[in-house]
2 protein chains.
Amino acid sequence: MRIGQLAQLVGVETQTIRFYEQQGLLPPPDRQDNGYRVYTKKHGEGLAFIRRCRILGLSLAEIHELQSYQDDPHQPCTAVNTLLDDHISHVRSQITALQALEKQLVSLRASCNDDREVEACGVLAGISEGNMHQQ
Amino acid sequence: MRIGQLAQLVGVETQTIRFYEQQGLLPPPDRQDNGYRVYTKKHGEGLAFIRRCRILGLSLAEIHELQSYQDDPHQPCTAVNTLLDDHISHVRSQITALQALEKQLVSLRASCNDDREVEACGVLAGISEGNMHQQ
DNA sequence: TTAAAACTATAAAGCTACTATAATGTCAAT
DNA sequence: ATTGACATTATAGTAGCTTTATAGTTTTAA
Ligand SMILES: [Zn+2]
Ligand SMILES: [Zn+2]
Ligand SMILES: [Zn+2]
Ligand SMILES: [Zn+2]
């Protein structure tokens, strides 16, 4: 199959496929005489794997790491599990940070009602005065 | 004061200050004969304002917008409050998305105990099989 | 006095994960 | 013969800086 078909199959843009190839996440496919890329079912599976990893928020580097484990299937899977654990704790700390941020923003917002002049805006004053908690 | 002192005062790198100037967030300061930038207290306040906005997660574009409001202090502050409301809802949807992601990752992680071979890793299998919920 | 250390300047590239654009080439159908 | 859909490469743009390179200036110490 050609690049357009693969793209449609997996739900990606063709440029994204070339990008993954360039980044070393997808093996370079064979080429037709005219230079067109020819993909196999394997490529489809590899691409789908990448996409599902991306949906899970894994970085391309992490995906690359996972692929290296897949290439060596008789090692213990500890590293895989650890990678996921690390990623989970990363996501959790993001959540925590965002929740703290939300709290700060909400209290800032509460310091102003509408129908003031910018000069007297509680929000702008709150930012300018800088009585913000660190982190 | 020169750029290094300002940087230390606010807790930023000098390059960041030049970057903000280039982006139009800090007014270009006067220069000494040797070309060195000379900053005033006003610049310090402006820079501190930018930094506090950044800590609140506001984008440079949003900061630019806030600055434009500050330059016109007798308008109603509705736009400021609305900007913050939008930002809060943006943060909230990020939190929601990350929480859903965390759930997915945790259940994926639960599908593997340690001490398996990569071949039999529940995590890799879970990603490959692709029984993932959309979004 | 002079040499090194510290500071400043500009310009350009790197980071992430694509997305978009441009200029060109190939192929099937009208 | 020409349109249209598809392919190719190369390059630039996105956000918010950080890093690097190269060069000039000021301060400090020997
Ligand atoms: Zn991660
Ligand atoms: Zn207000
Ligand atoms: Zn925002
Ligand atoms: Zn496992």
Side-chain angles (χ1 to χ4, degrees), chain A residues 1-26 28-40 43 46-67 86-87 90-91 94 97-98 101, chain B residues 1-26 28-39 43 46-67 83 86-87 90-91 94 97-98 101:
Chain A
M1 76 197 323
R2 297 192 314 197
I3 197 168
Q5 299 170 269
L6 177 61
Q8 196 171 13
L9 188 69
V10 182
V12 199
E13 306 245 7
T14 56
Q15 300 103 316
T16 305
I17 296 174
R18 294 193 195 100
F19 173 73
Y20 287 154
E21 179 184 336
Q22 185 196 329
Q23 299 300 115
L25 293 172
L26 266 183
D30 288 339
R31 302 285 185 126
Q32 289 178 345
D33 292 346
N34 54 19
Y36 289 14
R37 292 168 174 83
V38 188
Y39 291 100
T40 65
H43 287 99
L47 181 55
F49 180 82
I50 296 172
R51 283 275 89 191
R52 284 190 291 259
C53 286
R54 292 292 301 129
I55 288 169
L56 292 173
L58 296 170
S59 69
L60 298 192
E62 286 167 327
I63 296 170
H64 204 78
E65 205 179 325
L66 286 183
Q67 289 177 333
D86 290 349
H87 187 62
H90 180 220
V91 168
Q94 272 186 268
L98 282 172
L101 182 59
Chain B
M1 75 196 325
R2 297 195 312 196
I3 196 168
Q5 300 171 268
L6 177 61
Q8 196 171 13
L9 188 70
V10 182
V12 198
E13 308 245 6
T14 56
Q15 300 99 318
T16 306
I17 296 175
R18 294 192 197 100
F19 173 74
Y20 287 155
E21 178 185 336
Q22 184 196 331
Q23 299 300 115
L25 293 171
L26 266 182
D30 287 340
R31 302 285 185 125
Q32 289 177 346
D33 292 346
N34 54 18
Y36 287 14
R37 291 169 175 83
V38 187
Y39 291 100
H43 288 100
L47 181 54
F49 180 82
I50 295 172
R51 284 276 88 193
R52 284 191 290 260
C53 286
R54 292 293 299 129
I55 288 169
L56 293 173
L58 295 169
S59 69
L60 299 192
E62 286 168 328
I63 296 171
H64 204 81
E65 205 179 324
L66 286 184
Q67 289 177 333
L83 189 155
D86 291 349
H87 187 63
H90 180 221
V91 169
Q94 273 186 268
L98 283 173
L101 182 58

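Proteins come first, then strands; the chains are lettered A, B, ... in the order of their sequence lines, and each starts at number 1.
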Who passes side-chain hydrogen bond (donor to acceptor under 3.5 Å, both in side chains) against Y20(A), sequence neighbours left out?
-> R51(A)

Under the side chain to side chain contact (heavy atoms under 4.5 Å, CB included) rule, collect the residues that match up with Q8(A), sequence neighbours excluded.
-> none

Walking DNA chain D from its 5' end, the first of Q22(A) and F19(B) to be reached, judged by nearest nucleotide, is Q22(A)

For Y39(A), check ring-ring contact (aromatic ring centres under 6.0 Å, His included) against everything at least two apart and list the hits.
-> H43(A)

Given protein heavy atoms under 4.0 Å, the one-letter contact record of nucleotides 2-10 of chain C, with B base, S sugar-phosphate only and - none, is simply -----BSSB

Considering the terminal five base pairs at each end of the helix from dT1(C)-dA30(D) to dT30(C)-dA1(D), what angle separates the two local helix axes, rounded to 10°?
-> 40°

Could you list the residues that satisfy side-chain hydrogen bond (donor to acceptor under 3.5 Å, both in side chains) with N34(A), not counting sequence neighbours?
-> Q32(A)

Which sits closer to the 5' end of DNA chain C, Q32(A) or V12(A), going by the nucleotide each is nearest to?
-> V12(A)

At the 4.0 Å heavy-atom cut-off to chain B, mark where contacts on DNA chain D begin and end, going 5' to 3'.
-> dG16(D) to dT26(D)

Kindly state each residue pair satisfying side chain to side chain donor-acceptor pair (under 3.5 Å) with at least one member in residues 54-66 of chain A, sequence neighbours excluded.
-> S59(A)-E62(A), E65(A)-Y69(A)

Partners meeting side chain to side chain contact (heavy atoms under 4.5 Å, CB included) with A48(A) (sequence neighbours left out) = R52(A)

Can you see which heavy atom on L66(A) is nearest to which on C53(A), and at what distance?
-> CD1-SG, 4.0 Å

Shortest non-hydrogen contact from G57(B) to H87(B)?
-> O-CE1, 3.0 Å

Please name the pair of heavy atoms, one in I55(A) and one in L101(B), separated by the smallest distance, quoted to 0.1 Å.
-> O-CD1, 3.7 Å

